Q: 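Take a look at the following structure, please.
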Amino acid sequence: MLFYAFKTLSPASSPKPSSLLFSDLMLPVLSPMPSSHLHLLSPSSPKPLFRSFSSLRTPSQTPTSVNNYNHLIQMLCKRGNLKQALDLLPHEPSPTQRTYEALILACVQRNSPGSAAVVHRHLSDDGFDQDPFISTKLVGMYSHFNALDDARNVFDKTSQKTIFLWNALLRALAVGDEGEEALLLFRDMVLVGIELDSCSYSFALKACVALRSCEVSAFERVREIHGHALRHGFNSRVHVATTLVDCYAKLGCVSYARRLFDRMLARNVVSWSAMIACYAKSNNPFDALKLFEEMMVLEPDIVPNSVTMVSVLQACAGLAALGQGKIVHAYVLRRRLDSILSVVNALITMYVKCGTLVSARRVFDGMNGRRDVVSWNSMISGYGIHGFGTEAIQLYQEMLHDGIAPSTLTFLSILGACSHVKFVQQGKTLFESMIKEHGITPRAEHYACMVDLLGRAGQLDEAIKIIEEMRIEPGPTVWGSLLGACRIHGHVELAERACSHLFELEPMNAGNYVLLADIYAGAKMWEEMINVKKLVETRGLQKVPGCSWIEVNRKMYSFVSVDFMDTHTEELHALLVQIVREMKGKGYIPNTDVVLYDLDQDEKEQILLGHSEKLAVAFGLINCRRGEVIRITKNLRLCEDCHSVTKFISKFARREIIVRDVNRFHHFRDGFCSCSDYW
DNA sequence: ATAGGGTTAG
């Protein structure tokens, strides 16, 4: 029985797969980013200081009018010269509301809590602590410093509480991750009979997402506030409706979010971006691109901005749609959005995940002087997942040399990089330095990296030691890493131990059961294997079907394994049969161990032949131009048999084949893989 | 006067 299917990722109704092109984006494919396009990234020259400041400061030159001082302080604040403005404050007999507003704003912009205290003291002395306008500004300021107690204090002490003041505190609590507190405040607002506005609803909804600790209750609260908004006619306001879409999306209700989005009476660029981001984040990159295309077609007046493009690039990265990504890159350059750091960072990740490390590096190199920690992390992880451990470590050191402080994600990237190339000692040293030199407390994910590094390298005892000495609860990531290592080394007992936790922590994750069954099969423990399979059945779990896809001429073709053949597939099948026949002549033995069904040898070989990755490779051989790299993406880990077949093909068809699996990239060339068969 | 969407790991 041969498993096979052919489908395109484009709408089923069209006879030919349509490309994801937008007339507006129809540009020649651009691969290198000319550095001249990055000139906008250089910092702008500083503005001159206020010229007459020093002369005005001396007491002998007292200004004739009070307004001069107020004006001067405000000017200095505007220029970001907070310190000089503060020095001037004691000389001013009667600062105005505007002056204090400017000072508060400057404290936020300069990120200076110390100056904030000085300003607060001054304005209290002047009696402005009862001014609801100033109080609103103060609450916003304290929110910026995450000083929620101070924010609440200001609120409590102000007797005349306007809706702005209520909203300011509500916002402060919501963005300060105090969802519970924010919702209590919202309840107070309703009970006291405050007339809510759309901002109140937006903030309260944001607070629900901040709850997250208990998603069920978060969902209930969103529904409550949604209902309230509905009864008071606020649900159709574009801000509220957009927030609702975003809330449901963040709580995992993607199709419901879409339904609300479709029902919106008016949408703006933020509404569209929120929905596109929802798809990009929830592993629906194709839907994200489709929606982006729709936005161009249906709403010619809405112009995508940098936030939109970050999500679109994320979707290209998720799909590994290089051709599409290049078009988006060209669009970004045309719209000058490459002056926005987050967009450039998203470009790096897009190229990394599309398998073109060189292009990613070119973008990274073009950023000289304007890289933040995200840019570095993206490039380091890029080297890591492409199997360039040495380069990843080197770049990490360059980053330190540049004075950029590494983050928790830097270490996840660099430890992952070590793991891919079996750099056990380097990984250990880096993990130590993370704690001791950089003061970063390891999270479960870091431990998972270490367990993966040690475990896959065969040091299972050390891996266990790491878990036992952890100061925090080892979550599913840690046990999952251990289980993966057990599969490689056929360690049944440890696998059982890992699974005893995993089946408890994530009972619905079919992957864990499959791995355990795989390990039992490897140890020829058939009875145990069958029991695990039964468990999967009784719990009603669905194995994630293997799926591979390939982009040809900017169209996506995806392959999954099903149990019938049709006319599309015969050509691919025939090609694979021929390849395998040749390989067998050269000593290839199909690795039927990976097939966990009770079938005879021939049937098992047939199933191997139908693995989605082989079909995608065959499709690539037929449809990609000679000399062109065949790029394939797979949703799971590569199986051993596909790995060896692809190695063979790379040599005898003289094709370079790059496969992205769920963990890393494999570059096949001349019969070898960049992973050195360690993955 | 307060407002809604986005960047890196696995």
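Only a predicted model underlies this, so the values are computations on that prediction, with no experimental measurement involved.
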Q: Quick one, A:F431 and A:Y447 - any side-chain contact, counting heavy atoms below 4.5 Å?
A: yes
Q: Would you say the side-chain atoms of A:D197 pair up with the backbone N or O of A:S200, donor to acceptor, closer than 3.5 Å?
A: yes
Q: Is the shortest side-chain N/O distance from A:K281 to OP1 or OP2 of B:dT8 below 4.0 Å?
A: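 Answer no for this pair, as no side-chain N or O of A:K281 is under 4.0 Å from OP1 or OP2.
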Q: Could you check which of B:dA1, B:dG4, B:dT8 has an atom nearest any side-chain atom of A:H239?
A: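 Among B:dA1, B:dG4, B:dT8, the one nearest the side chain of A:H239 is B:dG4.
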Q: Answer with base, sugar-phosphate or nothing: what part of the nucleic acid does A:D246 contact at a heavy-atom distance below 4.0 Å?
A: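 Touches sugar-phosphate only.
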Q: Just by distance, do the side chain of A:S419 and the backbone of A:L415 share a donor-acceptor pair under 3.5 Å?
A: no
Q: Do A:F292 and A:W272 make a side-chain contact, defined as non-hydrogen atoms from C-beta onward lying under 4.5 Å apart?
A: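 No, side chains not in contact.
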Q: Quick one: which of B:dG10, B:dG5, B:dT8 gets closest to the side chain of A:I385?
A: B:dG10
Q: Between A:D287 and A:K290, does any side-chain N to carboxylate O distance fall below 4.0 Å?
A: yes
Q: Measuring from the side chain of A:K250 (C-beta onward, heavy atoms only), which nucleotide among B:dT7, B:dT2, B:dG5 has the closest atom?
A: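 Side chain of A:K250 sits closest to B:dG5.
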Q: Just compare B:dG10, B:dG4, B:dG5 and give me whichever is closest to any side-chain atom of A:A274.
A: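 Selected nucleotide (nearest to the side chain): B:dG5.
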Q: Test for a donor-acceptor pair under 3.5 Å between the base of B:dG10 and the side chain of A:D452, counting only N and O atoms.
A: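 Side chain to base: no pair below 3.5 Å.
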Q: Below the 4.0 Å mark, does B:dG5 have OP1 or OP2 next to a side-chain nitrogen or oxygen of A:K206?
A: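 Indeed, a polar side-chain atom of A:K206 lies that close.
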Q: A:T410 near the nucleic acid: base, sugar-phosphate alone, or nothing, with a heavy-atom cut-off under 4.0 Å?
A: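 Counting heavy atoms under 4.0 Å across all strands, no contact is made by A:T410.
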Q: Could you tell me the separation between the CZ atom of A:R171 and the C1' atom of B:dA3, rounded to a whole number of Å?
A: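 Spelled out: CZ on A:R171 to C1' on B:dA3 is 9 Å.
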Q: When you measure from every atom of DNA chain B, which of residues 127-136 of chain A have a heavy atom less than 4.0 Å away?
A: A:F133, A:T136
Q: For the pair made of CG in A:N377 and P in B:dA9, what is the distance, rounded to whole Å?
A: 8 Å
Q: Does the distance from a Lys or Arg side-chain N to an Asp or Glu carboxylate O, for A:E101 and A:R98, drop under 4.0 Å?
A: yes
Q: Would you indicate which nucleotide in B:dG5, B:dG4, B:dT8 comes nearest to any side-chain atom of A:N305?
A: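 Nearest to the side-chain atoms of A:N305, counting from C-beta on, is B:dG5.
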Q: Under the rule for ring-ring contact (aromatic ring centres under 6.0 Å, His included), what residues qualify as partners of A:H120, not counting sequence neighbours?
A: A:Y142
Q: Hey, is A:E294 close enough to A:R258 for a salt bridge, meaning N to O under 4.0 Å?
A: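 The answer is yes: the pair qualifies as a salt bridge.
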Q: Between A:T349 and B:dT8, does any side-chain N or O lie under 4.0 Å from OP1 or OP2?
A: no
Q: To the nearest angstrom, how far is A:I276 atom CD1 from B:dG4 atom P?
A: 19 Å
Q: Tell me which nucleotide among B:dT7, B:dG10, B:dG5 gets nearest to the side chain of A:Q314.
A: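 Shortest atom-to-atom distance from the side chain points to B:dT7.
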Q: Among B:dA1, B:dG10, B:dT7, find the nucleotide with the atom closest to the side chain of A:T162.
A: B:dA1
Q: Please give, in whole Å, the distance from B:dT7 P to A:M379 CE?
A: 20 Å
Q: What nucleotide among B:dA9, B:dT7, B:dT2 has an atom nearest to a side-chain atom of A:N167?
A: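 For A:N167, the side-chain atoms sit closest to B:dT2.
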Q: Could you check how far CE of A:M309 sits from C1' of B:dT7, rounded to whole Å?
A: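 Answer to the nearest Å: 14 Å.
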Q: What contact category does A:S198 fall into here, base, sugar-phosphate, or nothing, at under 4.0 angstrom with non-hydrogen atoms?
A: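 Contact class for A:S198: base.
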Q: Nearest to the side chain of A:V374 - B:dT8, B:dG5, B:dG4?
A: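 When the side chain of A:V374 is considered, B:dT8 is the closest of B:dT8, B:dG5, B:dG4.
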Q: What contact category does A:V662 fall into here, base, sugar-phosphate, or nothing, at under 4.0 angstrom with non-hydrogen atoms?
A: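 Touches nothing.
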Q: Just the rounded figure in Å: distance from C1' of B:dT2 to CG of A:L105.
A: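 It is 13 Å, rounded to the nearest whole Å.
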Q: Assess whether one donor atom and one acceptor atom, taken from the side chain of A:T243 and the base of B:dG4, lie less than 3.5 Å apart.
A: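 By the distance-only test, no, there is no pair.
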Q: Over how many whole Å does the gap from A:L244 atom CG to B:dA3 atom P extend?
A: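 After rounding, the gap between these two atoms is 18 Å.
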Q: Could you check whether A:A277 gets within reach of a base, just the sugar-phosphate, or nothing at all, counting any heavy atom under 4.0 Å?
A: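 It contacts sugar-phosphate atoms only.
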Q: Just the rounded figure in Å: distance from P of B:dG5 to CZ of A:R237.
A: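 Answer to the nearest Å: 18 Å.
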Q: According to salt bridge (Lys or Arg N to Asp or Glu O under 4.0 Å), does anything in residues 381-402 of chain A pair up with another residue at least two apart or in another chain? List the pairs.
A: none
Q: Please tell me which of the listed nucleotides, B:dA9, B:dG4, B:dG10, lies nearest to the side chain of A:L412?
A: B:dA9
